[in-house]
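Just so it is clear: chains get the letters A, B, ... in the order the sequence lines come, proteins before strands, and each one is counted from 1.
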Number of protein chains: 2
Amino acid sequence: MQEKEVTIYDLAERLNISATTVSRGLQDHPAINIKTKKRIFDLAAEMGYRSNKFASNLRRQKTNTIGVIVPRLNSLFMSSVLSGIERSVNNAGYNLIISQSFEKESKEKTNAKTMFNNRVDALIVSLSSDTADFSHFDPFLKKNIPIIFFDRTTEAMNSTTVVIDNFKAGYLATEHLITQGCREILHITGNIDRNVYADRLKGYKKALLDHQIDFREDLFISNDLSEGAMHDALIAHVIKRKQLPDGLFVTNDSAAAFALTILKGAGLRIPEDIAVVGFNNDLISRVTEPPITTINYPGNEMGERIARILIDHLDGDGNPDLNSQIVLNTDLIIRASSIRKKTYE
Amino acid sequence: MQEKEVTIYDLAERLNISATTVSRGLQDHPAINIKTKKRIFDLAAEMGYRSNKFASNLRRQKTNTIGVIVPRLNSLFMSSVLSGIERSVNNAGYNLIISQSFEKESKEKTNAKTMFNNRVDALIVSLSSDTADFSHFDPFLKKNIPIIFFDRTTEAMNSTTVVIDNFKAGYLATEHLITQGCREILHITGNIDRNVYADRLKGYKKALLDHQIDFREDLFISNDLSEGAMHDALIAHVIKRKQLPDGLFVTNDSAAAFALTILKGAGLRIPEDIAVVGFNNDLISRVTEPPITTINYPGNEMGERIARILIDHLDGDGNPDLNSQIVLNTDLIIRASSIRKKTYE
DNA sequence: TATATTATTGCAACCGATTGTAATTTTTAA
DNA sequence: TTAAAAATTACAATCGGTTGCAATAATATA
């Protein structure tokens, strides 16, 4: 039942030419006569030939595979990025192996090892929130396998990074809240060892500074952004203590949506009591009541950008200057969760 | 700079034994003396040896890779399933290649071809919504490569399928609305050539029947569940025509959330005017106002189940009875979007 | 001590494609 | 018509493990 696999030797035998010629013919090598190529392709199609990637990889020491390690797949942002990467990379003849770290350094290390053993030609990484040690990427560097970090990056390794301007985004979000009359703006974000959160925080602080508002430690919370964490943060630290801020800037839309729900559950009005701004422009930010003001995060564009850089590098002559810092632009998307002043006042 | 790759021949030479013994030693072959094994492992670690999967795959004609094709990654349900699959499959020493069809048959076909050429040991598929032709799976069948369909399945190929009881789920959702006093229940779902939507529709119809409510064609809409489609469906067909239903059962939570937002935007009260039930128990169903009653879809469990079946098959003696139909249980999760009667009435 | 068992290890072919170099054929130039 | 140049094609080694079978070493049995 199991059909025998067709090899270039089978094709060669049937065509009375050498396997070499078949191999070159299939690769459209210029040295092969066009008529011969046609005969090869025709027979290959007829016999249902498929190239054996392992033999090819083994010989060429290249896999045409790119590994991706991300914290999680389940956000609109992440799947947009992946979508962008996949499209570009596929067109260039590469495959993707995708894995999730589930925000854990240990899983990220395991994934990296797997990618390494699978001999990916390049690695694309968005770091897990608690990754502090980067030694799992050393093997790639040693073998000159390019790594690109995006979104959650690090300066600890000087690879290429692709990010948005998180500082600006944090600034815009905060300034918007200030413009809307907020003076006590709570900022809830992730592990500030991560660039994205650190930079947003810097933007937040700068906006406060520029508007003569003092930064207050008690208006800054760093947690894992889970529903439970948001609940604890808002209920225990804010609501029960009657330290009601008048603005809330949360570092992602899911967490912002949790926050919104929790605050409403506590009887607060959004945006009248507390104006809320999220981050990412995930679907979820548009279906809450009120919909959430957020930062647009151009995932697709980011993905395509990443792919292009890698492909140019891999298909080019591998020039080693693969450590540029690419910063994409972002915008603020204003929705009802933060509008407290008429624009035509 | 580029470090030379260490092979079993390097190890063999250093240990003064044959490559054969090294190979067997690394595989923990019983014929190899335990002391020899230790020497091999120690040296391997010291020299930074890594197995070359291509050479191994080439020789063994097996890749230890499992392919996954899904419509999209960006739903809590899908990423739960993948998470479940990945965990189990990783433990058993397999890798995953994941790709998205973006709900398009053409992309699904391309993905399938890629998987085939990458010689995955098995394929896991949730069909794109418009896949009507299944010939892209034929090559797998011919080569006895197992395929498991989950969620979006087909009976056109007799492979193993893993699904939830969509009929029951549809029934429960509908009956719940009826219990809440709804009599004109609009059902919006996807392409009913797909089992999931067809079965939910059957459940919907049966529930109506059991409660002496006639099925009305005008209370059934099949579309692509996008925001635009929901908008068109609700605005054009329902609201403008003043055919106000009193219940709405939407086949996934994102679409239900869109619907909720659109209806509220049109001035309708949920659940007083229209009670709403979604499907999947995605995060989004919990943050709308009101939160949406939905069907719990145990993604993780489904993923682990799929992985177990495959691994048992692959690691076992490949007994060919790989065409069972597995149906997982589901529940209704009641939230405010559908509660119109006090439970203690 | 001789012989039979059992435990270890190694030889050599093989998986299927790729590629430097050489050989052959075809085309062009003299 | 013949030598030189260009176009095609083929030989054979190579990539790095894997595995059937033979060979050798160690241990047990008579």
Side-chain angles (χ1 to χ4, degrees), chain A residues 2-41 43-44 47-65 93 95 116-121 143, chain B residues 2-41 43-44 47-65 93 95 116-121 143:
Chain A
Q2 186 85 281
E3 282 185 21
K4 186 86 187 326
E5 202 71 48
V6 179
T7 71
I8 53 170
Y9 302 103
D10 300 325
L11 299 179
E13 195 178 346
R14 285 268 298 263
L15 292 170
N16 261 321
I17 56 179
S18 74
T20 305
T21 302
V22 175
S23 173
R24 292 214 171 95
L26 289 170
Q27 296 172 71
D28 204 24
H29 188 112
I32 305 299
N33 187 295
I34 191 158
K35 286 183 180 174
T36 311
K37 279 181 193 166
K38 179 153 178 22
R39 291 173 58 219
I40 294 171
F41 277 114
L43 184 64
M47 295 182 70
Y49 166 83
R50 60 169 173 167
S51 156
N52 185 318
K53 297 233 176 189
F54 308 118
S56 170
N57 289 342
L58 173 60
R59 183 60 227 246
R60 294 187 306 122
Q61 304 285 64
K62 186 167 189 285
T63 66
N64 267 63
T65 298
N95 293 132
F116 188 67
N117 285 333
N118 275 308
R119 285 171 160 71
V120 294
D121 291 335
K143 294 242 185 296
Chain B
Q2 186 86 277
E3 284 186 20
K4 186 87 188 327
E5 202 71 49
V6 179
T7 72
I8 53 169
Y9 302 103
D10 300 325
L11 299 179
E13 194 179 345
R14 283 271 296 263
L15 292 170
N16 260 323
I17 55 180
S18 74
T20 306
T21 301
V22 174
S23 173
R24 292 209 174 98
L26 290 170
Q27 295 173 73
D28 203 23
H29 189 112
I32 305 299
N33 187 297
I34 189 157
K35 286 183 179 171
T36 311
K37 280 182 195 166
K38 180 152 179 15
R39 290 175 58 217
I40 295 171
F41 277 114
L43 184 63
M47 296 183 70
Y49 166 83
R50 61 171 173 168
S51 158
N52 186 319
K53 297 234 176 187
F54 309 118
S56 168
N57 289 342
L58 174 60
R59 183 61 226 243
R60 292 187 307 122
Q61 303 286 64
K62 189 169 187 283
T63 66
N64 267 64
T65 297
N95 294 131
F116 188 66
N117 285 333
N118 275 309
R119 285 172 159 73
V120 294
D121 291 336
K143 294 243 186 293

- Rounded distance in Å - CD1 (A:Ile40) to P (D:dT8): 13 Å

- Message: Quick one: does any side-chain atom of B:Asn118 pair with a main-chain N or O of B:Val120 as donor and acceptor, under 3.5 Å?
- Response: no

- Message: Looking at every heavy atom in both B:Gln61 and B:Leu58, which two are closest together, and how far apart are they?
- Response: OE1-O, 3.2 Å

Using nucleotides 24-28 of chain C, report all nitrogen or oxygen pairs with the protein that are shorter than 3.5 Å.
none

- Are A:Tyr49 and A:Ile8 close enough, and set up right, to give a side chain to side chain contact (heavy atoms under 4.5 Å, CB included), and what steps lead you there? CA-CA 8 Å; A:Tyr49 166 83; A:Ile8 53 170; 3.6 Å; yes

- Can you give one letter per nucleotide of nucleotides 13-18 of chain C, 5' to 3': B if a protein heavy atom sits under 4.0 Å from the base, S if only from the sugar-phosphate, - if neither? BBBBBB

- Item | Global bending angle along the helix from C:dT1-D:dA30 to C:dA30-D:dT1, which compares the axes of five pairs at either end, to 10 degrees | 40°

Donor-acceptor contacts under 3.5 Å from residues 18-25 of chain B side chains, at least two apart:
{"from": "B:Ser18", "atom 1": "OG", "to": "B:Thr20", "atom 2": "N", "distance (Å)": "3.4"}
{"from": "B:Ser18", "atom 1": "OG", "to": "B:Thr21", "atom 2": "N", "distance (Å)": "3.2"}
{"from": "B:Ser18", "atom 1": "OG", "to": "B:Thr21", "atom 2": "OG1", "distance (Å)": "3.2"}
{"from": "B:Ser23", "atom 1": "OG", "to": "B:Gln27", "atom 2": "NE2", "distance (Å)": "3.1"}

- Among A:Asn57, A:Thr63, A:Thr65, find the one that has a side-chain hydrogen bond (donor to acceptor under 3.5 Å, both in side chains) with A:Asp121. A:Thr63

- Query: How many Å lie between NZ on B:Lys38 and P on C:dT8, as a whole number?
  - Reply: 17 Å

- Given atom CG of A:Asn57 and atom P of C:dT19, what is their separation to the nearest angstrom? 12 Å

- Task: Using only side-chain N and O atoms of A:Ser18, determine if any of them is under 4.0 Å from OP1 or OP2 of D:dC11.
- Result: no

- Partners meeting salt bridge (charged side-chain N to carboxylate O under 4.0 Å, His left out) with B:Arg50 (sequence neighbours left out): B:Glu5

- Task: Provide, to the nearest angstrom, the distance between the CD atom belonging to B:Glu13 and the P atom belonging to C:dT9.
- Result: 19 Å

- Hey, is NZ on B:Lys62 packed in by over 12 heavy atoms from elsewhere, all under 6.0 Å? yes

- Rounded off to whole Å, could you give me the CG-to-P distance for the B:Leu15 and C:dT9 pair? 11 Å

- Item | Nearest atoms (heavy-atom pairs only) where B:Thr36 meets B:Ile32 | CB-CG2, 4.0 Å

- Message: Under a 3.5 Å distance rule, please check whether A:Lys53 uses its side chain to pair with a backbone N or O of B:Phe54 as donor and acceptor.
- Response: no

- Query: Roughly how far, to the nearest 0.5 Å, is NZ of A:Lys38 from CG of A:Asn33?
  - Reply: 13.0 Å

- Message: Could you tell me how far apart A:Lys35 (NZ) and D:dT9 (P) are, to the nearest whole angstrom?
- Response: 11 Å

- Item | Whole-Å gap separating C1' (D:dA7) and NZ (A:Lys37) | 12 Å

- Here the gap from A:Arg14 atom CZ to A:Leu43 atom CG, rounded to the nearest 0.5 Å, amounts to 5.0 Å

- Verdict with reasoning, B:Leu15 to B:Ile40, per side chain to side chain contact (heavy atoms under 4.5 Å, CB included): CA-CA 8 Å; B:Leu15 292 170; B:Ile40 295 171; 3.8 Å; yes

Between the protein and nucleotides 23-25 of chain D, are there any N/O to N/O pairs under 3.5 Å, and if so, what are the atom names and distances?
none

- Query: Say you draw a straight line from CZ of B:Arg59 to CG of B:Asn52; how long is it, rounded to the nearest 0.5 Å?
  - Reply: 14.5 Å

